[in-house]
Every structure is written in structure tokens, then in C-alpha cells.
Amino acid sequence: MYKIVARSGIFPKWNSLKNVRYISAGPPRPEGPLFPRNDDFPARHIGPRESDVSTMLDTLGFKSLDELTEKAVPKKIRLEGRLDIEPPISEYELIKRIATIAEKNQIWRSYIGMGYHNCCVPHTIMRNIFENPGWTTQYTPYQPEVAQGRLEGLLNYQTMVSELTGLEVANASLLDEGTAAAEALALCYRQNKRKKLLVSHLLHTQTISVIQTRCQSLGLSVEVVDVFEADFSGRDVAGVLFQYPDTEGNILDFDSVADNAHANGTLVCCATDLLSLTLLRPPAEIGVDIAVGTSQRLGVPLGYGGPHAGFFACNQSLVRLMPGRMIGVTRDAAGRDGYRLALQTREQHIRRDKATSNICTAQALLANMSAMFAVYHGPQGLKDIATKIHNLTLVLHHGLQQDGNTLSNKLFFDTLKIYPKLDTEEVKTRAQEKKINYRYYNDGAVGVALDETVTFDDVNDIFYTFGCQQKVENIVNSPMIRERAIYRSEYKRTSPF
């Protein structure tokens with residue numbers, strides 16, 4: 001039988017015993033044979049034991065681990081002395097320590113936007129998917145015969161993305177929005193072999209950074225431009241990418257950009273917001289070839305910035321160049337419907353020279369959460385959430401403008417760029433008082449993006465931070481508020497989903 005003891009300098013004789021499995025000592029405590037540690041699981045499952053070490057050394061012909069190290073590790077790369085780290089601690093102690101550290105966090109209301117929005121996660125999704133090891137332990141469904149539930153969920157995700165964007169096919173998610181955007185432009189290059197790419201200056205800044213980093217390694221030229229002034233006549237541009245709605249919240253008409261690009265053989269890519277597309281014309285109706293973005297606000301917590309599932313949709317003609325995985329429906333020998341990975345374009349699955357992606361090509365858990373969020377609410381429920389957010393943003397816009405603030409947005413969904421009547425530092429001070437995070441631009445403007453969790457009280461607090469005397473309750477019924485509504489504009493969605 002094996003004895004479980006704590007390794008300690010106080011009881012050196014224990015170190016000489018055979019068949020003893022040592023468990024790391026934690027902070028100062030009673031130790032030794034009278035007070036054995038009870039976290040036996042790691043010691044039983046993480047080897048080698050002392051007897052295993054002896055057998056290994058005898059087989060190799062060494063007397064000690066130090067002698068083995070002398071022979072195996074070059075002296076010039078060895079670290080002299082001991083690592084200056086704390087002693088190991090048990091799982092229970094680690095969880096307590098993490099909880100203590102986490103208590104230092106301050107949870108503020110975040111209205112920064114830029115693709116990140118708080119949301120209400122239905123408890124049934126939180127409990128049965130997000131916190132369920134059956135959904136979280138498997139990184140991705142490599143074995144379709146034992147993953148039919150997840151594959152069906154991902155098929156729902158693809159269907160949701162395809163219907164909201166209006167494009168013919170969608171994959172089973174990507175790493176995030178920035179990665180999806182870079183993959184879209186890389187696809188443009190693979191399609192027409194041109195090495196010049198144009199991205200809008202009103203794209204989310206983090207997306208631009210990812211694109212520049214990724215495309216540089218491919219030897220592609222990335223220019224950040226005003227896409228309305230872009231020149232495609234040289235027929236040397238592989239693809240153009242814009243944000244719809246853009247990073248400042250504006251909804252613009254990109255029909256002319258798409259027509260000009262297509263006339264010169266350039267593919268058109270669009271980064272968009274799935275929830276806004278329940279009210280807005282879908283990208284396909286603008287002439288977009290590829291639509292990308294994040295599905296985070298559809299039931300996935302903010303999580304301090306990630307992880308969140310990116311989505312990727314495109315025309316059928318581009319499906320063989322599309323990165324990631326696509327779930328398809330097949331039939332088995334008995335004629336029953338089943339789900340499988342119908343398209344896999346990662347080097348892990350196919351020849352390296354044929355791969356379109358060599359990075360993480362799925363966020364299966366988070367994509368399934370968004371798919372179930374859509375199933376939970378249904379098409380009308382998603383539209384109701386979007387309408388509530390949009391209407392509160394209309395109220396906020398009206399109240400801020402009435403109180404002397406300047407806003408740059410004419411048509412918008414949930415995001416405003418505000419030039420406050422107060423000094424920006426005063427706005428920051430008031431926001432900190434109310435525990436609110438905003439986006440602060442270099443030109444003195446302040447960005448505010450509303451989300452599903454926002455209430456009348458939240459909007460009243462926002463009014464306060466901008467020095468407004470307005471109250472939502474006093475202006476919500478003003479007929480002027482809906483003058484800027486998407487559903488009263490030429491940009492409203494008329495196609496079903």
C-alpha cells in the first residue's frame with residue numbers, strides 16, 4: 001500500500017522511502033505523517049511515482065535525476081538555482097484564492113460598444129449549456145456519430161447567420177470578429193489573386209489591427225480608406241471591407257460602393273451586427289459577397305472581452321474557399337437524417353497546401369449558445385429585443401440633443417457619437433460616479449452603445465453624466481423621437497427571416 005505524506009524539510013527521512021507519492025505542501029500548516037494532505041487525486045494520476053523514477057533511472061543507467069539532467073540538457077540553457085515561485089496549493093485552496101482575487105473586480109455598466117454588448121442570458125441556456133460539462137469538455141465535434149446534438153445546434157447557428165445576413169451559406173463559427181474579417185479578405189485574395197485590400201476607416205479599430213497583422217504575413221497590402229472615395233478602376237483591389245452599422249454607429253448606404261467594386265472585379269465584404277439585421281436591410285441586398293461579425297450579443301456573456309464566436313457567411317460560389325467548418329445533413333444506411341462535418345478546410349483535416357485556414361476554426365460552445373438564444377426567443381423575439389434597444393437609443397439621442405449636446409449620427413441602431421456640452425473630463429468624472437464605462441475618442445467625442453440590459457434608470461444615469469436634466473419618462477412619448485427610426489426609413493428590413 002502507498003502512503004500519502006507531505007514533502008517537507010522538517011521530515012527529511014520521508015524523502016528516502018520507496019513507494020511514497022509526494023504531495024506538494026501549501027502555505028504553513030501542520031505537516032508530516034500526523035497531518036497528511038487529503039488531495040490525493042493529483043498524486044494518483046500525475047506521475048511518476050518514486051518507484052517509477054527508480055525503474056526509469058535503472059533502465060537508462062543513471063543514478064539520479066540530476067545525473068540524467070546533466071546528460072540530457074545542455075549546460076548553457078539550464079537555469080542555475082531554484083525557481084522563485086510559491087509552493088503549490090490544492091484545488092480547494094486555489095479556488096478560494098481565485099475567488100478572493102475576483103472580489104477585487106468592480107462590475108461597472110459598459111456602454112463602450114465596438115462589437116461588445118451586454119446581454120441577458122436565459123437561465124436554461126446558462127445552466128444546461130454554458131455550465132454543462134457535456135457541452136464544454138469537447139473542444140469540437142470531431143466524432144459526429146457521438147455529437148449529433150451539438151452538430152444540430154451548429155446547423156441552427158449556420159441557418160440563423162445565413163437568414164439574417166441574406167447570404168446563401170454560413171460556416172459553423174470562427175474565433176472572433178477580427179479573425180473572421182481577416183479570413184474574409186484572405187478569401188478575396190485566393191479568389192482573384194490580387195494583393196491589394198481596402199478597409200474602411202470606420203471599421204472597429206481592433207478589427208483593423210487583426211487584419212493588418214494577418215495580411216502582412218500573407219504579403220498583402222492593406223489600405224485604410226474612406227470607401228466612398230475608393231478607386232477601384234485599376235482593377236488591382238482584391239476586396240473591400242466596411243462596417244454596417246459602422247464603429248461610430250452610423251448606418252450608411254453602401255450600394256454605390258458595392259456596385260463600383262463589382263464593376264471592377266473586387267469582392268465586397270461587410271462586418272455587421274446580427275441583432276441589428278432584424279431591423280436593417282441584410283447585407284445580401286446591398287450586394288455584399290461576404291458578411292462577418294460576432295454573435296456575442298446573442299446570449300454570450302461579455303467575459304472581459306472574450307471569448308466570443310465569430311460568424312462568416314458568403315455566396316454559394318465562394319463556399320469552397322470559405323474557412324472553417326460547415327455542418328451538413330446526410331442520411332445513414334437506414335435512411336435516417338444525420339448531421340456531419342460537410343466541409344473542413346483546416347490543415348489538420350486536409351493537405352496543408354489545400355487548407356484555407358491553419359488557426360482555430362470554431363467556437364462550438366459559444367456558437368451553440370447563440371443558436372439556442374435564437375431558438376429560445378424566435379424571430380419575433382429577436383426583433384423585439386432589437387426594437388427595444390433601438391427605441392431607447394432614439395430616446396437617448398433626442399434627450400441629449402434637446403439639452404445642448406451635439407451628435408454626429410443621422411441614422412443609427414444602438415450606438416451614438418456625442419460631442420458633449422460639458423468638458424470631457426467632467427463627463428468621465430460623472431461616469432465614474434455612476435460606475436459607467438464609455439468610449440472616449442481622441443477628438444473629444446464620447447461613444448455610447450446601448451444593449452439588451454439597459455433600463456429607463458440606466459438611460460437617466462447616462463443623461464446625468466452628460467449634464468442633462470431630461471428624464472426618459474418625460475420624453476418617451478414625444479412624436480419626434482421616432483423620426484429617426486430605422487423602421488421608418490428606407491433602410492428597414494422587408495425580407496423575412
Side-chain angles (χ1 to χ4, degrees), residues 124-125 128-130 132-175 180 183 187 190-191 274 282 284 289-292 295 298-299 309-379 381-382 495-497:
T124 185
I125 294 175
N128 295 304
I129 296 181
F130 192 59
N132 182 348
W135 290 82
T136 59
T137 53
Q138 297 85 1
Y139 169 65
T140 193
Y142 285 114
Q143 295 177 278
E145 66 275 12
V146 295
Q148 288 294 291
R150 272 177 295 150
L151 290 173
E152 183 177 3
L154 291 173
L155 183 67
N156 287 337
Y157 181 82
Q158 292 173 185
T159 303
M160 172 189 71
V161 171
S162 181
E163 294 211 355
L164 288 174
T165 61
L167 292 164
E168 295 166 300
V169 291
N171 71 13
S173 79
L174 288 172
L175 185 62
E183 292 280 12
L187 185 154
R190 292 195 298 273
Q191 169 71 359
L274 289 176
D289 300 297
I290 305 169
V292 299
S295 54
L298 301 184
F311 67 85
F312 190 108
C314 64
N315 291 325
Q316 181 70 42
S317 60
L318 301 173
V319 69
R320 286 290 173 183
L321 297 173
M322 183 173 66
R325 306 181 180 109
M326 187 166 66
I327 310 305
V329 182
T330 189
R331 286 188 178 87
D332 64 14
R336 296 171 300 190
D337 285 345
Y339 305 99
R340 64 189 176 92
L341 291 171
L343 183 69
Q344 303 178 70
T345 55
R346 189 180 181 188
E347 63 177 19
Q348 187 171 341
H349 305 290
I350 60 177
R351 288 204 323 241
R352 183 182 296 268
D353 60 325
K354 296 293 183 182
T356 60
S357 177
N358 62 358
I359 62 163
C360 173
T361 50
Q363 287 277 22
L365 170 68
L366 306 177
N368 270 322
M369 285 184 68
S370 292
M372 296 305 178
F373 183 89
V375 170
Y376 181 92
H377 288 288
L382 292 179
S495 54
F497 62 91

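Atom set for the values below is all heavy atoms of this structure, side chains included, hydrogens, waters and symmetry mates excluded.
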*Hey, is the main chain of Y339 close enough, under 3.5 Å, to the side chain of Q148 for a donor-acceptor pair?*
yes
Correct closest heavy-atom pair for A367 and Y157 would be O-CD1, 3.2 Å
Inset, instruction - Would you sort out whether V319 and M326 count as a side-chain contact (heavy atoms from CB on, under 4.5 Å), showing the intermediate values? - result: CA-CA 9 Å; V319 69; M326 187 166 66; 3.8 Å; yes
**Asked** Can you check whether S370's main-chain N or O pairs, donor with acceptor, with S295's side chain at less than 3.5 Å?
**Response** no
Heavy atoms of I327 and L155 approach each other most closely as O-CD1, 3.6 Å
Heavy-atom nearest pair, A170 first then S162, reads CB-N, 4.2 Å
Are the side chain of R150 and the backbone of A364 linked by a donor-acceptor contact shorter than 3.5 Å? no
Taken to the nearest 0.5 Å, the spacing of T330 OG1 from R336 CZ works out to 12.0 Å
Heavy-atom closest pair (M160 atom, L274 atom, distance to 0.1 Å) is CE-CD1, 4.3 Å
Rounding to 0.5 Å, atoms CG (L366) and CG (L175) come to a distance of 10.0 Å
Q.
Quick check against the 3.5 Å criterion: does N368 have a side-chain atom that pairs as donor or acceptor with the backbone of L154?
A. yes
Check whether D337 reaches the backbone of V329 with its side chain - one donor and one acceptor, N or O, closer than 3.5 Å. no
**Message:** I'd like to know whether N171 forms a side-chain contact (heavy atoms from CB on, under 4.5 Å) with V161, so could you lay out the CA-CA distance, the side-chain angles of the two residues, the decisive distance to 0.1 Å, and finally the verdict.
**Reply:** CA-CA 9 Å; N171 71 13; V161 171; over 6 Å; no
In this structure, CG of L187 is separated from CG of D289 (nearest 0.5 Å) by 9.5 Å
Worksheet item: So, N315 side chain and S317 main chain: donor-acceptor pair closer than 3.5 Å or not?
Response: no
Taking every heavy atom of R190 against every heavy atom of P323, the minimum-distance pair comes out as NH2-CD, 4.4 Å
Check: Q363 side chain, A309 main-chain N or O, donor-acceptor pair, under 3.5 Å = no
Separation between CE (M372) and CD1 (I129), nearest 0.5 Å, reads 4.5 Å
Within a 6.0 Å radius of atom OH on Y376, are there more than 12 heavy atoms belonging to other residues, nucleotides or ligands? no
Between the CG atom in L343 and the CZ atom in R320, the distance rounded to the nearest 0.5 Å is 6.0 Å
Scanning both residues in full, the closest heavy-atom pair of Q316 with E168 reads N-OE1, 2.7 Å
Distance col, row R340:CZ vs R325:CZ, nearest 0.5 angstrom, shows 15.0 Å
I would like to know whether I290 and F312 meet side-chain contact (heavy atoms from CB on, under 4.5 Å); could you show each step before the answer?
CA-CA 7 Å; I290 305 169; F312 190 108; 3.6 Å; yes
Check your understanding: Do C314 and V169 have side-chain heavy atoms sitting under 4.5 Å apart?
Key -> yes
